[in-house]
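For reference, the structure is listed below as structure tokens.
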Number of protein chains: 4
Amino acid sequence: MGTRERRAMEKQLRQNQILDAARNLLFSSGIDNISMNKIAKHAELGIGTIYFYFKSKHEIFIALQMEGVALLYSRLETIHKKKIRSDEKLRLIGRSFYQFCEDHNDYYDIINYFLSSPKIFFEPELKTKVDMSGKKITALIEEVVCQGIKENIFEKEDAGKFAILFFGSLYGLMQFKKFENTILASQTHKDIYEYSIEKLIKSLK
Amino acid sequence: MGTRERRAMEKQLRQNQILDAARNLLFSSGIDNISMNKIAKHAELGIGTIYFYFKSKHEIFIALQMEGVALLYSRLETIHKKKIRSDEKLRLIGRSFYQFCEDHNDYYDIINYFLSSPKIFFEPELKTKVDMSGKKITALIEEVVCQGIKENIFEKEDAGKFAILFFGSLYGLMQFKKFENTILASQTHKDIYEYSIEKLIKSLK
Amino acid sequence: MGTRERRAMEKQLRQNQILDAARNLLFSSGIDNISMNKIAKHAELGIGTIYFYFKSKHEIFIALQMEGVALLYSRLETIHKKKIRSDEKLRLIGRSFYQFCEDHNDYYDIINYFLSSPKIFFEPELKTKVDMSGKKITALIEEVVCQGIKENIFEKEDAGKFAILFFGSLYGLMQFKKFENTILASQTHKDIYEYSIEKLIKSLK
Amino acid sequence: MGTRERRAMEKQLRQNQILDAARNLLFSSGIDNISMNKIAKHAELGIGTIYFYFKSKHEIFIALQMEGVALLYSRLETIHKKKIRSDEKLRLIGRSFYQFCEDHNDYYDIINYFLSSPKIFFEPELKTKVDMSGKKITALIEEVVCQGIKENIFEKEDAGKFAILFFGSLYGLMQFKKFENTILASQTHKDIYEYSIEKLIKSLK
DNA sequence: CATGAATGAGCATTCATTCAT
DNA sequence: TATGAATGAATGCTCATTCAT
């Protein structure tokens, strides 16, 4: 392995080291309690070093968000690759998103962070990056719907619109998890979520 | 009017004065730019006085959130009172929520703030308050659905669950507004939103 | 003494405490080594307290500058009040400025700071404040010149212009003090300065 | 061309490359926004490389300052070479300095930076370098005055002293440019400057 | 020669909150 | 009731410089 390659690898390593620290922090103290100095301390690096690898805090957040979306995407992709009916795929996708949010509170928080932050907040360049990574998710859902239409499982439909409805709805519903003991009263959040998946799928038929 | 009553009224007055200032600030500088000192200056009161009437910043935010929800509720209520078919009611409710978000970016931001902040964030007491105010919204939707079922416009249905699906979905979809030029690509957000309303209503039939 | 008066006095006191700290720091470590945190530590106050009394670092600098100019002005005023010929007054003013720079290296540095900082640097409001304080100096010189003209000591002259030439020249010359051992070579700076005063005065006759 | 010479030339080249970057930065973002890292990036060189050619930021600044002074000097020299009366020369020199400050705000700022920084600031060695480059300016003026004396245009005079008065005055007056709308009130800065040149010249006669 | 990763002190400023009066 | 002075930890970020490779 040449010097250059080793250098590149080390650079990658450091970046991961920083991202690891940030992710840990995110997980343990919530998104509002991450600061660059804390990340540095956690990563056992000088604060300057952090800035050497990431231009700003935003950039770290975005890297994390993209990690999260990539992880979610890979889960959904696995489902998409299965040889099963499209309606079943949608069902599994819905559940998979739920599971993802449960398993990765950290990534969920950060995706949420981007989805819910006021409109103009990130520099356009970064925003586009984030958005595009999100687009992969809805695109995948769209494909599933298209497939279902081809298979005559679903009615003819604007698959692109439905994909956004589907993902947007599930995202919105996830937020209600925190109302389990108040608004939701007697119902469990999980039940409502499952019900919603079915309802949405049925609306395609 | 007795002393006690006058006292109570004055208290109410002061509280409103503070809330007015906070609301103005929220509107003019965004949710991230509100500080207690700024509120005090705006309200032309001492900072100590603010803390006399609200014991924390959270409390002020919650009061504002409740205002927002109340405003939204009153809009929805107006619709509910109309003598129209339940499906039309749902349609109008959906649109009304959209309009509300457009008209009251300030309240939208603050409702969003509560809906999207990490799970354990507020003292339980305050949280309950917030949640309950939100419950009124879903309860109203539930009523509309029940009515529709009675009228045989909708199929028999778990109205409570549907209400949450309906409101959760629309809320989730609203967040995608900011992707109008990226994820949504060729579609307008408004179209997708309208499409979603119809889809959801249809799923009841 | 009422409460209000005591309060006002205490406020004044604190402000002076802060300004004292800043002035000391300025004197001991030069203008580039003053930071708000250092001022706070020196003043034995919390950093927040500093910001309670002064909106920004600029404001402290400006307060200091105005102190300095006021001090210089008072020295010049004393001269102006004397019952002596105007040419002698100018001579004393020139020397007085020199002495002032020697005695108050700290104030000299800060006046210099304002005089030599790039054009657009301060918020207009603050800039005006500073400028106006400076104007008093040139206005006083102008008066002296006018008086000299009336007394027929000086030729008829645009006193306003000359005042600026006079003060500007002396200011510029002061900067050359630091070249005493290099550019100035065999001459002493003081000699050149004295020579310049005389030359400028003579040019009025 | 031997190896050694080529080496020397390459060195010169690199230095210029760095200086170019620094100059550009100086011009485009002002003296307070230059950092070694920025210079490196601009010059498309490693930061280490910069430090190989200049051992500190000061050294770069000094190189730039000397460039500036050299440029000013060359302008003045052109005037000095003309076959015109010495008084006219002084007039043109004065105007030329004014024009130089207007044309080269960047160099003006950096010359100013050296002229106005607190006394002991640079390592003696560097300071001497800077000072000497400045000396050339006053020496040239001195020559002009000497010539004028020889030509009997000017009275017998200590030309060295006058040169410093002349240049110091004009430098000081330039600083007042920024007060055009405040202290200077109704007068234009340019008028005052012109007036001053004349006054200074007349004082020689 | 040339590189660029690493440092960490330092910066100006903000802010929710407390508490003596 | 009402005030507002005081706090100090915390924030994101910059920068000149070093040094191992």
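Predicted model, so just to flag it, every value in this text is computed and none were measured. By convention in this document, chain letters (A, B, ...) are assigned in the order of the sequence lines, proteins followed by strands, and residues within each chain are numbered from 1.
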| Side-chain contact, heavy-atom cut-off 4.5 Å: B/I47 with B/K41? | no

| request: For D/I31 and F/dC15, give me the distance from atom CD1 to atom P, rounded to whole Å. | output: 14 Å

| field | F/dT21 and E/dC1, which share atom name C1', separated by this distance in whole Å | value | 13 Å

| request: Could you pull out the closest heavy-atom pair between D/Q65 and D/I110, with the gap in Å? | output: CA-CG2, 3.9 Å

| said: Please determine whether a side-chain nitrogen or oxygen atom of A/S35 lies at a distance below 4.0 Å from atom OP1 or OP2 of F/dT11. | reply: yes

| Pick one: which of C/F54, C/Y107, C/Y113 meets ring-ring contact (aromatic ring centres under 6.0 Å, His included) with C/F61? | C/Y113

| Base-pair map of DNA chain E as dot-bracket, where | denotes pairing with a different strand and pairs are Watson-Crick or G-U under 3.5 Å | .||||||||||||||||||||

| query | C/L45 has an atom CG; how far is it from atom P of F/dG8, in whole Å? | reply | 10 Å

| task | Could you tell me the separation between the CD1 atom of B/I39 and the C1' atom of F/dA2, rounded to a whole number of Å? | result | 17 Å

| Rounding to a whole Å, what distance do you find between A/N37:CG and F/dG8:P? | 20 Å

| remark: Here the gap from C/L19 atom CG to C/M66 atom CE, rounded to the nearest 0.5 Å, amounts to 10.0 Å

| message | What is the separation between atom NZ on C/K11 and atom P on E/dT21, rounded to the nearest whole Å? | response | 18 Å

| Under the side chain to side chain contact (heavy atoms under 4.5 Å, CB included) criterion, do B/I34 and B/I39 qualify, and how do the steps go? | CA-CA 7 Å; B/I34 302 178; B/I39 293 173; 3.6 Å; yes

| Interatomic spacing from CG in A/D20 to CG in A/L26 - rounded to 0.5 Å | 12.5 Å

| task | Please tell me which of B/I47 and B/F52 maps to the more 5' nucleotide of DNA chain F, matching each residue to the nucleotide holding its nearest heavy atom. | result | B/F52

| request: Using a heavy-atom cut-off of under 4.0 Å over every strand shown, decide if C/I34 touches base, sugar-phosphate, or nothing. | output: sugar-phosphate

| Yes or no on side chain to side chain contact (heavy atoms under 4.5 Å, CB included) for B/N112 and B/I31, after CA distance, side-chain angles and deciding distance? | CA-CA 10 Å; B/N112 211 218; B/I31 201 167; over 6 Å; no

| query | Considering residues, nucleotides and ligands other than C/K129, do more than 12 of their heavy atoms fall under 6.0 Å from its NZ? | reply | no

| Most 5' of D/E10 and A/E44 on DNA chain E, judged by nearest nucleotide | D/E10

| C/F54 has an atom CZ; how far is it from atom P of F/dA6, in whole Å? | 12 Å

| If you find the nucleotide of DNA chain E closest to A/G46 and the one closest to B/Y51, which residue's nucleotide is nearer the 5' end? | A/G46

| message | Rounding to an integer number of Å, can you tell me how far A/Y53 OH sits from E/dA6 P? | response | 3 Å

| said: In whole Å, I'd like the distance from the NZ atom of B/K38 to the P atom of E/dT13. | reply: 14 Å

| request: With DNA chain F as reference, determine whether C/I50 or A/M36 sits nearer its 5' end, using the nearest nucleotide of each. | output: C/I50

| request: Mind running a 4.0 Å heavy-atom check of residues 13-25 of chain A against DNA chain F and sending the residues that fall below it, in number order? | output: none

| note | dist C/K55:NZ -> C/I62:CD1 (nearest 0.5 Å) comes out at 10.0 Å

| More than 12 heavy atoms of other residues, nucleotides or ligands under 6.0 Å from CD of A/E44: is that the case? | no

